[in-house]
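These notes are about the structure you will find just below.
When a ligand or atom number is given, it counts from 1 through the structure's own listing order.
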Amino acid sequence: MKKIIMALAATTMLFACKTQNVPTSVPEQPVVASINLVDVVDDKVWVTIDPDRFTVETTTFNIPKTVPGTYSEDNYGRFTEGFKALDYKGNEMAFSKLDENSYSITNAKDLDKVMYLVNDSFDWEDEGGVYSMAGTNILKDENFLLNLHGFVGYFDQMTEKQFKLEILRPADLIAGTSLSIANTLPGKDANSKKDIYNLDRYFEVIDNPIMYSAPDTTSFNVEDMQVLLSVYSPNKKHSAQSLKPEMEKMIRAQKRFLGDINSTDKYAILVYLSDSPGEGNAGNFGALEHHTSTVVVMPETMEAEALDKSMTDIVSHEFFHIITPLGIHSNEVHYFDYNNPKMSQHLWLYEGVTEYFANLFQVNQGLLSNQEFYNRMVEKINTSKRFDDTVPFTVMSKNILKDEYKDSYYNVYLKGALIGMALDIRLRELSDGKTGILDLMKKLNSKYGKDRPFEDDKLIPVIVELTYPEIQDFFDTYVSGSTPIPYDEFFSKVGLEEKEIMNEVGYFLKGRNPYITANQQTMEIVFREDIEMNTFLKEIGIMGGDTLKSVNGTEYNIQNVYDLIMASQAWKAGENIRMTIQRDGEELVLEGEIITPKDMETTYVESPDADSKQVELRKAWLKA
Ligand SMILES: [Zn+2]
């Protein structure tokens, strides 16, 4: 998964019948899961799960508590209601609700099927705490985002059985998914159709999200892989066609970077663009990985260029998840328990190395300059310092579902990626530049791979065996140990030194640090007095303490600060701007030309004094 904290969040921080008597010689029937997207009742849809005959006396039906990749307990059962257990005569049977997600049904031999209504998470207040990219949307006749763990539950001991998924849908909405539709049948009338999908086991149900919406799809081929792009943009601001060029460029670059690690022959990018985030809609952004697809949720208001840039970072991260944890993973991940999950110690690998690759491939393939890459790593260093740097990453990872650790999850994208970087530099150093972390991942991939999980506490010894004895010290010190990584030391190996330089920043944000804050009483936007303004704000005449009233005639306050940040992404140097502010009780109009905002930042740059060994190691690190 990649959860991103947008400029927005940075600012708001401030503030599926069988007949009776089936002969036993009949082959085993799949579990039939039916979802009715046509007869939507109060924004809810009916789901029916019809398993084969039970031979046990009692069974338990579960909706997942959590799913792979989210590292959080979300209790998807909370979004269901009106649970019914029916016998073969259609009579309701008795059941007992065990917890938010599970139901126990006795006399299971009589049980024909269960039915329940599903609510979507997008409409819940704060989406019920569920990440949007793992969430669900039900918008009658318009859009259905089926992260199927939110709809389809499973019976104990039946997760390895085949599933047949039947989706009754409006005739004019089509499926965006990497799944093949086995058959499309007539629906209940001319306005509906029924799509049938065959899946080998429950995991495949969870691993294959489907988005139903009006057709807005395109596809392209990268080597022998077909990439499908399916977009839902409620106000038609963006489209599959508009997003295609950058996605294609990015995936081509990723494939070149990865070389011979073969992956899937089909990959689907399902993009849900949220209109008015926060008001009964998806409000947190990012994407969740699957073996052959990803669900991306982003704000529709983003300008094309900014959306392309974010999509490059996010989708490349999800695609790299094919290496780990989808490819290389421990037993905890392989034998995933949806209702009693066990966590692995290796989030540094699953999320950290993935995030590192999502940045490294860009500098390696020329999508980012060397300096842009260093700046990104420095930003990760600075932001990671907000978390306790002495907590061993393996401990945090193992306990990520616990209250004490769950808030540090975001650090997997920061320090996790930095662990990846430091390990890469160390491997390059020990091999005289010949091999790095990508080579290690290729070795691990051929040793394990998606059908051969490793034992959680054997991974580090295996890595040491595959690389150098010195790597044991690296893990003991910086990953399972409590020593913060001395970034300066690692950067100096590749000839980088710390330096203050004028860097391009955002109009209202320096990295994740905003120039503005909120007046909690008046809900007005106020420029901070405790930091220097950037060159743009200074040039236009803004002073710390000024209250922002309007920009180019549009009034802003903390409620629509998000619109301001989004609008500013489309500003171009040379255009005129007019800001109305309040200073010492007086209203002032500031007018001028937009300039590229810059500010002093401490970063790492290539040292002019670096020796040839350092320069060679740097080249091997970034360009090999
Ligand atoms: Zn991820």
Q: Test W621 against F373 for ring-ring contact (aromatic ring centres under 6.0 Å, His included), laying out the working first.
A: CA-CA 12 Å; W621 171 41; F373 175 77; 5.7 Å; yes
**Q.** Pairing residues for E305 by the salt bridge (Lys or Arg N to Asp or Glu O under 4.0 Å) criterion, not counting sequence neighbours
**A.** none
Q. How many protein atoms of type N/O/S are positioned less than 2.8 Å from the Zn ion (ligand 1)?
A. 6
Q) Salt bridge or not for K237 and E303, using N-O below 4.0 Å? A) yes
Q: Apply ring-ring contact (aromatic ring centres under 6.0 Å, His included) to Y448 and list each qualifying residue two or more places apart in sequence or on a separate chain.
A: F454
Q: Would you check if the distance from the ring center of F257 to the ring center of F357 is below 6.0 Å?
A: yes
Q. Tell me the salt bridge (Lys or Arg N to Asp or Glu O under 4.0 Å) pairs involving residues 328-340, sequence neighbours left out?
A. E332-K398
